[in-house]
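Notes to accompany the following structure.
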Amino acid sequence: MLIIEAVAELGREGVLPLGIDAEATRITVEPPRDPQHGDMSTNAAMVLGKRTGTRPRDLANALAGKLSRDSRVATTEVAGPGFLNLRLTNDSWRRAICSALSEGSRFGRPNFGEGRRVNVEFVSANPTGPLHVAHARGAAFGDALANLLAFAGHEVTREYYVNDGGAQVDVLARSAYLRYLEANGASVEFAPDGYPGTYLIPVGEALKDLYGTRFVDRPETEWIDRFREFATNAMMDIIREDLSALGVRMDTFFSERALYGTDRIEAALRELDSRGLIYSGKLAPPVGRAQEDWEPRQQTLFRSTEHGDDVDRPIRKSDGSWTYFAPDIAYHFDKIERGFDELINVFGFDHGGYVKRIRAVVDALSGGRIPIEIKLVQLVRLLADGKPVMMSKRSGTFVTLRELVDEVGADVTRFVMLTRKNDVALDFDLEQVRHQSRDNPVFYVQYAHARIQSVLRKAGNAGFDVNDPALSRADLRRVGHDAEFALIRKVCEWPRLLDLAARNREPHRIAFFLSELAGTFHSLWNRSKAEPSLRFLQQHDPEGTNARLAVCRATGIVISSGLCILGVTPVDEMR
RNA sequence: GGCCCCGUAGCUCAGCAGGAUAGAGCGACCGCCUCCUAAGCGGUAGGCCAGUGGUUCGAAUCCACUCGGGGCCGCCA
């Protein structure tokens, strides 16, 4: 927050004459948990007192003397072991609202990204079928994180790694072949590891339209390449549509298959080899698990233990072919070569075992220069009538992203998916979001925004100028009630919250904050029923109305930009 | 056996780059619509922050261990 910055600087200035290093990093200036303690609180005296051997309370008093001369500081108070509590003048708060109005959707934007290029890889589901509910969480999280980082000044690339090179797409091709035979009138039976989902039926029909009976009863070698490519493309079309239904648009789809036969994999391995990280050897059998059938085999290994992994990882099978890990190495090498300053991967929790080796690869290939963060997204349980909805991929009846979005809408899906930190399991209660009530956090926030828009519409119709430039000139001395200041203070928390959310890669904080802000707004709204002086629109008092409209609009700006970061549409009215 | 996540009010969860008396919603109880959307709001009750040690002026927050719950791990991707 601007005010925090200002106070922090003042704090340093105030401390300097006392001969203390201003770069003391453990000094914090933040709003205290208990508002009774003022608007801002700093532990500076306690931290510095320790260093200099001065009594914290004496230091705090000295600081208070300096700070109380600033025009923005209303009162200072030394409390507890040496906290210095500041109360800002009402004008400081009013100025913050004005700056919110003049900055509009840029209000609160942290700029620590400084144009750094960040690659956010997310979803990256195998192209073997439609996206399901867990992917929806990864998509909502990854996209919101990308928005958040972009908002904080990063140059963000959203990327999807298409695993179209492994055995699973052969299985897909065979399943598509069965549907193709079916379209040609045969009766078929799926292998236990096949993909029996009905989404391949149209693919089989399309293949029949394309090839007629040409590949019926022909050996696999004749059709597998064509069928794999056709089916994979069809699946990626479905996945793109699924993402689009959720409002997610990728910048890049990176094909694993495209790495093969181009020397890309070999080049990445040469790079590792040049760093002495490739060797031929045998892995020890895993401890503590059934190992009767363990046969040590000679294979090519990556010395990932040099970079923090628990064991070295195979990159060639004993028959000389690549493991799935080999193209992963090449893929991350490619990202590094594309010049990103930072990599972020969003994985499902079932990929927790790959975190260390991916980190090791990036660390090794970039010589430790490119930071990579891997965010694991925990599982989602859908609840209907308070009971988990059964999701079975095997039977082909798993709940798809599309079904969920069709049922509750993209906005609800995204918001609810972001009401938990990424690494905590999430219960998605279908019943809850069907109700338009306080239970439904999406509704609650949307409702606040709709009320704000409604007020502004009515004000506009009544002849008030509700454009931001006009409102930013409002005389905010006309607002001063506690309930109004509660809202103003909440709005002013936005920049600090954004900064924390972006630095910690925690978009869920925005969802929680918006709920709180909406609550503060609804509270003021209802106070006005008992106290008509709090009502926004008052025809007989145009100047006061302008001032209250300014606060109202500032709240709307924050809700709107918060929702946009989450990828949720701010609505103007409830229907 | 190893690794990852979690354990905070009856329930669902915030808070965790250490800070003062631990917060919110739901549920329970008591209230509030001649007035911009009551699809809402106010109030009351409710806690050994799993446990034990450690670091610190100060720990729900950091570290170690223990106990509980969930998940992942073998040239399958």
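A note on names: the letters A, B, ... follow the listed sequences, proteins ahead of strands, and every chain is numbered from 1.
- For the pair A:F512 CZ and B:U12 P, the computed distance is 14 Å after rounding to whole Å.
- Taking atom C1' in both B:C57 and B:G70, the straight-line distance is 39 Å, to the nearest Å.
- Nearest to the side-chain atoms of A:R535 among the listed nucleotides B:A14, B:C36, B:U37 stands B:C36.
- When each of B:C16, B:A14, B:C4 is scored by its nearest atom to the side-chain atoms of A:R509, the top-ranked nucleotide is B:C16.
- Nearest nucleotide to the A:K458 side chain, out of B:C36, B:C41, B:C5: B:C36.
- When heavy atoms are screened at a 4.0 angstrom cut-off, A:L500 is found touching base atoms of the nucleic acid.
- B:C75: no Watson-Crick or G-U partner with both key distances under 3.5 Å is found in any strand.
- The A:Y447 side chain lies nearest to B:U37 when the options are B:U12, B:U37, B:A17.
- Of the candidates B:C75, B:G70, B:C36, the closest approach to any side-chain atom of A:F349 belongs to B:G70.
- Put simply, A:R451 has a side-chain N or O that comes within less than 4.0 Å of OP1 or OP2 on B:A38.
- In terms of modelled atom types and a separation under 3.5 Å, the side chain of A:N440 and the main chain of A:V433 share a donor-acceptor contact.
- What separates CG of A:L301 from C1' of B:C75 is a distance of 9 Å, to the nearest Å.
- Across all strands shown, B:U12 is found opposite B:A24 as a Watson-Crick or G-U wobble partner, with both distances under 3.5 Å.
- With centres under 5.5 Å and a plane angle under 30°, the ring of A:F83 is stacked against the base of B:A20.
- Comparing the C1' positions of B:U8 and B:C16 gives an interatomic distance of 12 Å, to the nearest angstrom.
- Base pairing annotation: B:A17 forms no Watson-Crick or G-U wobble pair, as no partner gives both donor-acceptor distances under 3.5 Å.
- No contact: A:G352 has no heavy atom under 4.0 Å from any strand.
- Within the nucleic acid shown, A:S41 comes within 4.0 Å of at least one base atom, counting heavy atoms only.
- One atom, CD of A:E516, and another, C1' of B:G15, lie 10 Å apart when rounded to the nearest Å.
- When each of B:C3, B:C5, B:C75 is scored by its nearest atom to the side-chain atoms of A:D310, the top-ranked nucleotide is B:C3.
- Annotation: cation-pi pair A:R303/A:Y279 present, NZ/CZ under 6.0 Å from the ring centroid and within 45° of its normal.
- Candidate nucleotides B:A14, B:G40, B:C75 were compared by shortest atom distance to the side chain of A:T323, and B:C75 ranks first.
- Base orientation at B:C11 is anti, since its O4'-C1' glycosidic dihedral falls outside 90° of 0.
- Distance A:H508 NE2 to B:C6 P: 11 Å, rounded to the nearest Å.
- At a cut-off of 3.5 angstrom, the base of B:C41 holds no donor-acceptor pair with the side chain of A:S523.
- Heavy atoms of A:R420 sit under 4.0 angstrom from primed sugar atoms or phosphate atoms, though from no base atom.
- The same atom, C1', is picked in B:C49 and in B:G23; the two are 12 Å apart, to the nearest Å.
- Pairing for B:A50 goes to B:U66, judged as Watson-Crick or G-U wobble with the two contacts each under 3.5 Å.
- Here B:C41 sits opposite B:G31 as a Watson-Crick or G-U wobble pair (both hydrogen-bonding atom distances under 3.5 Å).
- The P atoms of B:C11 and B:G51 are separated by 16 Å, rounded to the nearest whole Å.
- Taking atom CD1 of A:I358 as the reference point, atom C1' of B:C3 lies 16 Å away to the nearest angstrom.
- Relative orientation of the A:F443 and A:Y447 rings is parallel, given thresholds of 30° and 60° on the angle between their planes.
- Looking at A:S515, its side chain has no donor and acceptor atom pair within 3.5 Å of the base of B:A24.
- Protein atom CZ of A:F112 is 13 Å distant from nucleotide atom C1' of B:A17, rounded to whole Å.
- Nucleotides of RNA chain B nearest to A:N85 and A:L524 differ in position, and the one nearer the 5' end is that of A:N85.
- In summary, A:D499 and A:R496 do not engage in a salt bridge, as defined by a charged side-chain N under 4.0 Å from a carboxylate O.
- A:K356 has its NZ atom 17 Å from the P atom of B:C72, to the nearest Å.
- The gap from the C1' atom of B:G47 to that of B:G15 amounts to 15 Å, rounded to the nearest Å.
- Although no hydrogens or angles enter the test, the distance criterion places a donor-acceptor pair under 3.5 Å between the side chain of A:R505 and the main chain of A:A502.
- When the C1' atom of B:C75 is taken as reference, atom CG of A:D328 falls 15 Å away, rounded to whole Å.
- Going from the P atom of B:C5 to that of B:C65 covers 14 Å, rounded to whole Å.
- Relative ring orientation between A:Y444 and A:H522 is described as tilted, the plane-to-plane angle lying within the 30° to 60° band.
- When atom types are taken as modelled, the side chain of A:N422 and the backbone of A:V377 share no donor-acceptor pair closer than 3.5 angstrom.
- In the set B:U12, B:A39, B:C75, the nucleotide with an atom closest to the side chain of A:K317 is B:C75.
- Aromatic ring orientation, A:F536 versus A:F521: parallel (interplanar angle below 30°, classes split at 30° and 60°).
- Taking for each of A:Y324 and A:L84 the nucleotide of RNA chain B with the nearest heavy atom, the 5'-most of the two is the partner of A:L84.
- In the interface, the side chain of A:S528 is paired with the base of B:C36 through a donor and an acceptor atom under 3.5 Å apart.
- Distances from the side chain of A:R503 to the nucleotides B:C36, B:A17, B:G70 place B:A17 closest.
- Applying the Watson-Crick and G-U wobble criteria (two distances, each under 3.5 Å), B:U55 pairs with nothing in any strand.
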